[in-house]
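First up is the structure itself, then whatever we jot down about it.
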Amino acid sequence: MNWGDVPSWALVVVSLGALALAALAARWSYSAFAVSFTAAERADAARAEARERQQATYVAAWPISERETFQKAIERGVVGAAVRNSSPMPIYNVEIIFRDEGAAWGAVRRLHIVPPSDEPQIIAGFDEEFSTGTPLPERINKDGSVKLVPSAEMRVEIRFADILGRRWRRDDNGVLDVAP
């Protein structure tokens, strides 16, 4: 039986080593490609989300005081908010939600459209009110009515649809998110 000579065996060993290294290189290349592809997909998703949020980022609402310069627009004891849509397009199906947690009270004001403007639009009053539980004892008046905080101290949230019909929500801390 002839097993060949040493140079032939050395060639086989070197060839098998080269094949193993080539397989490792292929695996590393695939792993690097997969990581790069995943990163590119995340970047594309982030750009798409930024495009979707573009109009919504220009919309905000905040409570106003009936004692400020808007005193003529808001009667004492009526809740009010300033709404600014500084995007170039209108927003639709707007809901302004007022909350007074200590009084366990909330109210909603609905508007069909808020046009674009660099100046805030003053919104006074509400369309419906609701209870969120039991008011704190110190907030109940002797006659049984509930004492609300001044309008400027209310928590205000805004919900609206952009021009593509996506619903957005900016909470009372200013955080923008997709509305449920």
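Just so you know, these numbers come straight off a predicted model, no measurement behind them.
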Give the intermediate values and the outcome of side-chain contact (heavy atoms from CB on, under 4.5 Å) for residues I91 and D162.
CA-CA 5 Å; I91 56 173; D162 63 16; 5.5 Å; no
Begin from the C-alpha positions of L111 and R109 and carry the test side-chain contact (heavy atoms from CB on, under 4.5 Å) through to its verdict.
CA-CA 7 Å; L111 305 167; R109 175 69 190 264; 4.1 Å; yes
I'd like to know whether V178 forms a side-chain contact (heavy atoms from CB on, under 4.5 Å) with R166, so could you lay out the CA-CA distance, the side-chain angles of the two residues, the decisive distance to 0.1 Å, and finally the verdict.
CA-CA 8 Å; V178 176; R166 289 182 297 249; over 6 Å; no
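No donor-acceptor distance shorter than 3.5 angstrom exists from the side chain of S145 to the backbone of N141, with no hydrogens or angles considered. Under the 3.5 Å distance criterion, the side-chain polar atoms of N85 are matched with a main-chain donor or acceptor of M89. Of the possible polar contacts, none joining the R170 side chain to the D177 backbone as a donor-acceptor pair under 3.5 Å is found. With S86 contributing its side chain and Y58 its backbone, the two residues share a donor-acceptor pair below 3.5 Å. Proximity of a side-chain donor or acceptor of R53 to a complementary backbone N or O of L176 within less than 3.5 Å is detected. Between the Q55 side chain and the P90 main chain, a donor and an acceptor come within less than 3.5 Å of each other. Of the possible polar contacts, one joining the R167 side chain to the N93 backbone as a donor-acceptor pair under 3.5 Å is found. A distance-only check finds no donor-acceptor pair linking the side chain of E157 to the backbone of R169 [under 3.5 Å].
No close placement of the W28 and F33 rings is indicated, their centers lying 6.0 Å or farther apart.
With sequence neighbours left out, T132 forms a side-chain contact (heavy atoms from CB on, under 4.5 Å) with A104, F130.
The line from CZ of R84 to CD1 of I158 is 11.5 Å long, rounded to the nearest 0.5 Å.
Contact annotation: the side chain of W105 approaches that of M154 to within less than 4.5 Å [non-hydrogen atoms, C-beta and beyond]. Considering only heavy atoms from C-beta on, I96 comes within 4.5 Å of V156 through its side chain. Under the 4.5 Å side-chain criterion, counting only non-hydrogen atoms from C-beta, W168 is not in contact with V59. Residues V108 and D127 have side chains not in contact (no heavy-atom distance under 4.5 Å, counting atoms from C-beta outward). By the 4.5 Å heavy-atom criterion applied to side chains, N173 and R155 are counted as neighbours.
Within the structure, the salt bridge (Lys or Arg N to Asp or Glu O under 4.0 Å) test picks out the following pairs touching residues 132-148 (sequence neighbours left out): D100-R139.
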